[in-house]
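One structure, pasted below without further comment.
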Amino acid sequence: MSDSPDETPAPSLDFVREKVAADVASGRYGGRVQTRFPPEPNGFLHVGHAKSIYLNFGIAEDFGGSCFLRFDDTNPETEDVSYVDAIQQDLEWLGVAPSGPVRYASDYFEQLYDWAELLITKGLAYVDDQDKETISEQRGGFGQPGVESPHRDRSVEENLRLFRQMRDGAFDDGARVLRARIDMQADNMWLRDPVLYRIRRVPHHRTGDAWCIYPTYDWAHGQSDAIEGTTHSVCTLEFTDHRALYDWCLDQLDLPSDRPEQTEFARLNLTHTVLSKRTLRLLVEQGHVDGWDDARMPTVRGLRRRGYPAAALRAFTDHISVAKTNSVVDIELLESFVRTHHNRHALRRMAVVEPLKLTITNWPVGADGTAHVEWMDVVNNPEDETAGTRSVPFCGELWIERDDFMADPPPKYFRLTPGREVRLRSAYFVTATEAVLDDEGNVVEVLATYDPTTQGGTAPDGRKVKSTMHWVSRPHAVDVTVHRYERLFRSKHPGADGNDPLDDRDPNSRITTLARAEPALGEVAAGDVVQFERLGYFAADLDDPAVFHRTVGLRDEWANIQKQR
RNA sequence: UCGCGGGUAGUUCAAUUGGCAGAACACCGGACUUUGAAUCCGGGGGUUGCAGGUUCGAUCCCUGCCCCGCGAACCA
């Protein structure tokens, strides 16, 4: 491999990678780099998680380190194995492979418990008998100090005895908690004697009935990182205030000096999109979408059904980089990465989504009275010569796009209109002669003549046409169901200004039609994405390949022209 | 009210850490075109939140202010 260092300057690193690079350079952690992706198994992954996933796995890749998958399963009330499985499937689809076996915070429950006793022994934790509301009130407020619990100064022996009784099931759910003994005056609320253990008689999806006390996030997370040997514990901004507690817990445990360091970054926000678990759940529960894997959902499963390739997701997250600034990325940027990917890889096919009859009046009829059929050679992908060509049947009875004909067009309309000649892609030049109307004046059919000398789509005399249109032979058409999607939310920032995002839903976010397509569309495999020429990229449904989801439309200059009017 | 984090084109990020503020997407124009796509070329866009200070020189360092976000679960 030859490289010329002066030519391409190294791309600037994001602030997290910069930090990692500095640690590697200084020999911290012995030059080791280890990250982790720590989902709670209580919901489906969405595009925001993808950012975190590609960040954590990407860092490990870039620095020759490892990245673990660890389920933070400390709250059995909301968690379930089904999510454990779903999350692993999604990760696989995203194209990342966790280092080593899958880990669970619940694997460390025994160690966590022992450390809690150690804390008690050191006089740094105590059992509190007060209820949730009282503890919350005593926590105080911003700018006001908290009040110490009357149980704060229990003896080590009593604390140990009570804590063991908690574990043994001597108390009712919620009756007692274990609290860290830190500082009720701290500016940082998370240092005001946070709860470390709570009593919950709920079976855990992995440990079953073995425990009736469960550690909180703050008591489990940092230690799990440390147990696994994490060096860089990357999380989102809302955990910033927890970092002091993360460090405090680790500080008390006589761990090796190279304990993990938490770094926070801004989570992903997208325009016209909601990523809050609560709202996503409501969309599903209230039936506004078909499910978590509905093609309009920003979940990994939804994007997958929609036809967003994992490679585009990754290119997108690499591009937007990572920072501490709260930001909202324009969804169009994501779409642009999706288009770029499919433009290179998707086969082109012809399908008519809003069909209108086009009849060629001078098309030859065979001796037996049936219409003549000609098989046209059509390029599969102009961006990829190796994709070859296919044969598409053509005859005098066609479907064209309703938008592609106007009896009385506005200026700059290049498509079919009475008296104008256009090209039918890879077939012939045709000239519209007449629009057939129904009783209400709607165009129901267009009559046209074709020029037999323009076979394949070029005129021997060199004359040009302004427009090329897609078409489908009526006798050969296959019917497919096509879902075209609009954004789920109309406003750029749904839920801003305290509005309920659900009030901002576009009720017509899915438009479904029966499209007419060339025969080859019947052979598209489930999950494959093809370009419907001039319309956009469409993904064959994962379960039913006769159903297509519009992944994203093509750039549409004509739409821009119309918008300007 | 207190603490923490943040503020650079419309948007997301850069700016070799004090040396002519750039890129991508979006937008506009042109070329090319058997997809009004793609591709290629060009263009508009900025009081670097504001005001002072240090300096030959400040997006960068200092001071004050403003605005935005997060934080008072036995959620994560």
Side-chain angles (χ1 to χ4, degrees), chain A residues 9-12 14 38-40 42-43 72-75 77-79 128 131-132 135-146 173-174 176-179 186-192 194-200 213-214 216-218 220-221 235-244 264 266 271 277 316 319-337 339-340 343-344 348 350 378-379 382-383 412-415 423-427 429 456-458 464-470 492 531-536 553-561 564:
Chain A
S12 61
D14 61 72
E40 184 187 13
N42 73 345
D72 258 356
D73 54 352
T74 57
N75 185 1
E77 285 180 304
T78 58
E79 296 158 6
D128 197 338
D131 61 27
K132 200 183 218 172
I135 290 176
S136 175
E137 279 163 26
Q138 288 176 351
R139 188 116 47 208
F142 304 131
Q144 293 141 359
D173 283 16
R176 285 183 162 86
V177 290
L178 184 75
R179 286 229 261 169
D187 287 325
N188 183 339
M189 288 292 169
W190 288 100
L191 262 20
R192 317 257 264 217
V195 170
L196 267 24
Y197 272 93
R198 69 283 219 194
I199 304 172
R200 286 287 176 284
I213 58 171
Y214 292 98
T216 55
Y217 164 85
D218 290 290
H221 195 86
C235 63
T236 43
L237 246 31
E238 66 269 26
F239 291 99
T240 303
D241 288 340
H242 292 249
R243 187 175 62 239
E264 311 87 17
T271 57
K277 217 173 263 183
F316 167 74
H319 179 89
I320 59 173
S321 188
V322 45
K324 280 177 121 78
T325 319
N326 281 306
S327 59
V328 184
V329 180
D330 203 325
I331 185 97
E332 288 181 26
L333 183 61
L334 210 203
E335 292 173 344
S336 136
F337 277 90
R339 281 196 198 97
T340 300
N343 178 50
R344 275 196 293 271
R348 311 294 118 125
M350 291 193 285
V378 185
V379 168
E383 306 292 319
K412 291 193 188 167
Y413 183 85
F414 300 152
R415 281 113 94 149
R423 171 167 43 232
L424 295 178
R425 166 131 236 216
S426 303
F429 285 8
T458 42
K464 304 282 191 196
V465 288
K466 290 280 269 180
S467 176
T468 299
M469 296 168 18
H470 61 282
K492 210 166 179 183
Q531 184 196 95
F532 289 1
E533 291 229 26
R534 303 205 303 136
L535 297 178
L554 260 26
R555 276 194 64 229
D556 189 351
E557 193 178 313
W558 173 237
N560 284 350
I561 291 169
Q564 280 168 32

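Residue numbers start from 1 in every chain, and the chains themselves are labelled A, B, ... in the order their sequence lines are given, proteins ahead of strands. Every value quoted in this text rests on a predicted model; they were computed, and no experiment measured them.
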Quiz item: Once each nucleotide of nucleotides 66-73 of chain B is scored for protein heavy atoms under 4.0 Å, what B/S/- sequence comes out, 5' to 3'?
Solution: ---SSBBS
Quiz item: Under a 4.5 Å cut-off applied to non-hydrogen side-chain atoms, are A:F142 and A:M189 in contact?
Solution: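 The answer is yes; the side chains approach within 4.5 Å.
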Exercise. Count the heavy atoms belonging to other residues, nucleotides or ligands that lie under 6.0 Å from NZ of A:K277, then report whether that count exceeds 12.
Key: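 Buried by this count: over 12 neighbours within 6.0 Å.
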Quiz item: Between A:H242 and A:Y217, what is the ring plane arrangement, given parallel below 30°, perpendicular above 60°, and tilted in between?
Solution: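 It falls in the perpendicular class, over 60°.
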Quiz item: Mind checking whether A:K492 and A:V328 have side chains closer than 4.5 Å, heavy atoms only?
Solution: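 Not in contact.
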Practice problem: Indicate the atoms forming the closest heavy-atom contact of A:D72 with A:E79, along with that distance. | Solution: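 Taking A:D72 first and A:E79 second, the nearest heavy atoms are O-OE2, 3.5 Å.
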Practice problem: Using the six-membered ring wherever Trp is involved, compare the ring planes of A:W558 and A:Y413 and label them parallel, tilted or perpendicular (cut-offs 30° and 60°). | Solution: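 Rings of A:W558 and A:Y413: perpendicular, as their planes differ by over 60°.
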Quiz item: So what does A:H242 touch, heavy atoms closer than 4.0 Å: a base, only the sugar-phosphate, or nothing?
Solution: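 Base, at least one base atom sits under 4.0 Å.
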Practice problem: Give one of base, sugar-phosphate or nothing for A:N560, where a contact means two heavy atoms less than 4.0 Å apart. | Solution: sugar-phosphate
Quiz item: Between B:A26, B:A24, B:C74, which one does the side chain of A:E332 approach most closely?
Solution: B:A26
Quiz item: How is A:T458 classified with respect to the nucleic acid when contacts are heavy atoms under 4.0 Å: base, sugar-phosphate, or nothing?
Solution: base
Exercise. Indicate the atoms forming the closest heavy-atom contact of A:T216 with A:T74, along with that distance.
Key: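 In this case the closest contact between A:T216 and A:T74 is C-OG1, 4.5 Å.
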Practice problem: At under 4.0 Å between heavy atoms, which parts of nucleotides 35-44 of chain B does protein reach? Answer with one letter per nucleotide, 5' to 3': B base, S sugar-phosphate only, - none. | Solution: BBBS------
Quiz item: Which is true for A:R200 with a 4.0 Å heavy-atom rule: it touches a base, it touches only sugar-phosphate, or it touches nothing?
Solution: base
Exercise. Measure the spacing between CG of A:L334 and CD of A:E332 and express it to the nearest 0.5 Å.
Key: 11.0 Å
Quiz item: Which distance, rounded to the nearest 0.5 Å, do you find between the NZ of A:K324 and the OG1 of A:T236?
Solution: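 If I round to the nearest 0.5 Å, the distance is 11.0 Å.
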Exercise. Between A:S321 and A:R198, name the one whose nearest nucleotide on RNA chain B is closer to the 5' end.
Key: A:S321
Measure all distances between protein nitrogen or oxygen atoms and nitrogen or oxygen atoms of nucleotides 8-11 of chain B, and list the pairs falling under 3.5 Å.
unit_1: B:U11; atom_1: O3'; unit_2: A:V328; atom_2: O; d: 3.1
unit_1: B:U11; atom_1: O2'; unit_2: A:V328; atom_2: O; d: 3.3

Quiz prompt | Heavy-atom closest pair, residues A:E40 and A:T78 | solution = OE2-OG1, 3.5 Å
Self-check item: Nucleotide B:U12, atom C1' - distance to CD of A:E335 in whole Å
Solution: 15 Å
Exercise. Tell me whether B:U63 sits syn or anti, counting syn as a glycosidic angle within 90° of 0.
Key: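 Anti conformation for B:U63.
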Quiz item: Of all heavy-atom pairs between A:R415 and A:S467, which one has the smallest distance, and what is that distance?
Solution: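 Between these two residues, the closest heavy atoms are CG-OG, 3.5 Å.
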Quiz item: Can you find a pair of side-chain heavy atoms, one from A:L333 and one from A:F316, that are under 4.5 Å apart?
Solution: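 SC-SC contact between A:L333 and A:F316 confirmed.
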Quiz item: Taking the same atom, C1', in B:U8 and in B:C60, what whole-Å distance lies between them?
Solution: 11 Å
Quiz item: What closest approach, in Å, do A:F429 and A:G457 show between heavy atoms, and which atom pair accounts for it?
Solution: CE1-O, 3.3 Å
Quiz item: Does B:A31 fall in syn (glycosidic angle within 90° of 0) or anti?
Solution: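 Glycosidic conformation of B:A31: anti.
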Quiz item: Please, what dot-bracket string fits RNA chain B when only Watson-Crick and G-U pairs with both distances under 3.5 Å count, crossing ones use [ ] and pairs to another strand use |?
Solution: .((((((..((((.....[..)))).(((((.......))))).....(((((..]....))))))))))).....
Quiz item: Atom CG of A:N75 to atom P of B:A76: distance rounded to whole Å?
Solution: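 Rounded to the whole Å, the gap is 5 Å.
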Dump every N/O contact between nucleotides 45-50 of chain B and the protein below 3.5 Å, one line per pair.
none

Self-check item: Same-atom distance (C1') from B:G45 to B:G10, integer angstrom
Solution: 9 Å
Self-check item: Rounded distance (nearest 0.5 Å) linking atom CZ of A:R534 with atom CZ of A:R348
Solution: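 Rounded to the nearest 0.5 Å, the CZ-CZ separation comes out at 14.0 Å.
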Practice problem: Please examine the side chains of A:N75 and A:R200, heavy atoms only from C-beta on, and report whether any two atoms are closer than 4.5 Å. | Solution: no
Self-check item: Non-neighbouring partners of A:H470 that pass ring-ring contact (aromatic ring centres under 6.0 Å, His included), sequence neighbours left out
Solution: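 Expected list: none.
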